[in-house]
Amino acid sequence: MAAYTTIDNPELYFQAKTYTGNGSAGHAITLDGSEDMQPDLVWIKQRDSRDHFLFNSVVGATKYLASNLTQTEQTDANTMTGFNSNGFTLGNGVGCNENTDTHVAWCWKESATAGFDIVLYSGNGTAGNTFSHSLSAIPELVFCKIRNAEVADWYTYNASLGNTKNIYLNTTGAVSTSTLWWNATTPTSSVVTLGDQTGNNGNARNFVAYLFAPKQGYSAMGSYTGNGDADGVFIYLGFKPAFFLCKNYQDSGDNWILHDNKRNTSNVTDEGLAPNDSAGEFTDVDMDFLSNGVKMRNNTGRANSVKTFIYIAFAESPFVNSNGVPVNAR
């Protein structure tokens, strides 16, 4: 029998959650999937105009970075205060728990099985520095961010772009080419190699890296070319998506685009957020979440122009489970 997926229930490793803030400390958010999942990365965005908040269990609750900002790691006991067995607990601060405001949280479980690792490492300012990871697979997407000392961009390695390319998560910029980003060295199943850039290898600086390797039926990362037509391009993923993030890497000026299955529970999926921007939701990028991928439904330049895009996606359910049973579309 063909190996369709190694993960029949993606909710063991990724879940999105929408919730309404109450402005009170101790507000516990329970994930609503069919399985309990204690998250290791919680990414929160108020659906109006507030910054993005990223928390991870390696550093610990109350410490966060913002995907739309260059600022160093912040500590605030009024943000997220705990990682729970099936969710997380919030303080009474704005941005994560503002009273009556709606929020979305994207939550991942760190696991080699699911192809996700969180690594803290130190820079040395010297090309060829490496840091180890625990994926036991080659990562195809890496986000790196300095935690201390100074402001800096979010560096992004994407296997589709190659080991001389970088694109910033926190900007609308196009891809840049240099051997300085990753020392022109492709990551291996055990280490990531760095150039001599301060932003991802500054001497005596501390960093966090989020690493992702694709897992059939659960996650996919790569690139696609839009067709510039209202009957948009189809991106085959091998699963029904719960999360889809893309970026036009050829041109500057276009936001990153993020859609999920909880803010829109039926097609067309049109409530987007931009990880590089504090702005609220926009509705001009239309797509369908299908049983085996994503279908673009308009010709917006930010997701379906005749340009090439990078993407990362996570599953709601595999297209075909390990028993050979196909999933239904929405």
Side-chain angles (χ1 to χ4, degrees), residues 40-41 43 52 54-60 63-75 108 110-112 115-214 221-223 247 249-250 252 256 275-276 310 312:
D40 292 297
L41 170 60
W43 178 349
H52 295 253
L54 280 77
F55 305 86
N56 72 71
S57 62
V58 180
V59 172
K63 298 180 184 295
Y64 69 90
L65 290 163
S67 64
N68 58 298
L69 299 175
T70 60
Q71 68 181 15
T72 56
E73 185 176 85
Q74 306 293 301
T75 300
W108 289 263
E110 185 180 24
S111 168
F116 174 50
D117 195 17
I118 303 169
V119 176
L120 304 184
Y121 69 92
S122 297
N124 66 11
T126 302
N129 184 30
T130 64
F131 67 84
S132 300
H133 64 81
S134 302
L135 289 176
S136 298
I138 297 173
E140 294 193 6
L141 184 69
V142 181
F143 295 119
C144 298
K145 178 70 175 73
I146 197 167
R147 297 173 53 217
N148 69 332
E150 62 215 306
V151 299
D153 294 304
W154 287 77
Y155 283 57
T156 304
Y157 168 82
N158 184 287
S160 296
L161 301 180
N163 61 29
T164 63
K165 307 288 187 182
N166 174 64
I167 190 166
Y168 296 124
L169 178 63
N170 56 289
T171 78
T172 62
V175 69
S176 299
T177 302
S178 174
T179 60
L180 301 177
W181 313 122
W182 314 105
N183 205 41
T185 304
T186 300
T188 72
S189 59
S190 59
V191 300
V192 173
T193 303
L194 305 167
D196 63 0
Q197 292 296 288
T198 299
N200 67 348
N201 188 28
N203 187 38
R205 273 66 167 179
N206 297 323
F207 296 84
V208 62
Y210 298 113
L211 301 91
F212 301 91
M221 48 223 68
S223 63
K247 173 71 170 76
Y249 70 79
Q250 291 183 277
S252 61
W256 293 74
N276 58 282
I310 54 173
I312 180 169

Step by step, would you call Phe212 with Phe116 a side chain to side chain contact (heavy atoms under 4.5 Å, CB included)? CA-CA 5 Å; Phe212 301 91; Phe116 174 50; 3.3 Å; yes

Taking it one step at a time, do Asn158 and Lys165 satisfy side chain to side chain contact (heavy atoms under 4.5 Å, CB included)? CA-CA 8 Å; Asn158 184 287; Lys165 307 288 187 182; over 6 Å; no

Contact check, side chains of [X] and [Y], non-hydrogen atoms, under 4.5 Å:
X      : Y      : result
Asn56  : Tyr64  : no
Val208 : Leu65  : yes
Asn148 : Thr72  : no
Leu41  : Phe55  : no
Leu211 : Leu141 : no
Ile146 : Asn200 : no

Residue pairs, two or more places apart or on separate chains, that pass ring pair (Phe, Tyr, Trp, His ring centres under 6.0 Å) and touch [range]:
range            : value
residues 120-152 : Tyr121-Phe131, Tyr121-Phe207
residues 185-205 : none
residues 177-203 : Tyr155-Trp181, Tyr157-Trp182

Can a salt bridge be assigned to the pair Arg205 and Glu150 using a cut-off of 4.0 Å between side-chain N and carboxylate O?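 A salt bridge is present here (some side-chain N lies under 4.0 Å from a carboxylate O).
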
Could I get the full list of side-chain hydrogen bond (donor to acceptor under 3.5 Å, both in side chains) partners for Thr186, not counting sequence neighbours?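 Asn163.
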
Partners of Asn170 by side-chain hydrogen bond (donor to acceptor under 3.5 Å, both in side chains), sequence neighbours excluded?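 Applying side-chain hydrogen bond (donor to acceptor under 3.5 Å, both in side chains) to Asn170 gives Asp153.
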
Side chain to side chain contact (heavy atoms under 4.5 Å, CB included), that's the test. Do Trp154 and Cys144 meet it? Break it down for me. CA-CA 6 Å; Trp154 287 77; Cys144 298; over 6 Å; no

Just by distance, no angles: are the side chains of Asn129 and Asn201 close enough, under 3.5 Å, to form a donor-acceptor pair?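 A donor-acceptor contact under 3.5 Å links the two side chains.
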
Minimum heavy-atom separation for Val58 and Ile118, please, with both atom names.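 Heavy atoms of Val58 and Ile118 come nearest at CG2-CG2, 3.8 Å.
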
Output side-chain donor-acceptor pairs under 3.5 Å for residues 189-197, partner residues at least two apart or in another chain, one line each.
from, atom 1, to, atom 2, distance (Å)
Ser190, OG, Thr188, OG1, 3.4

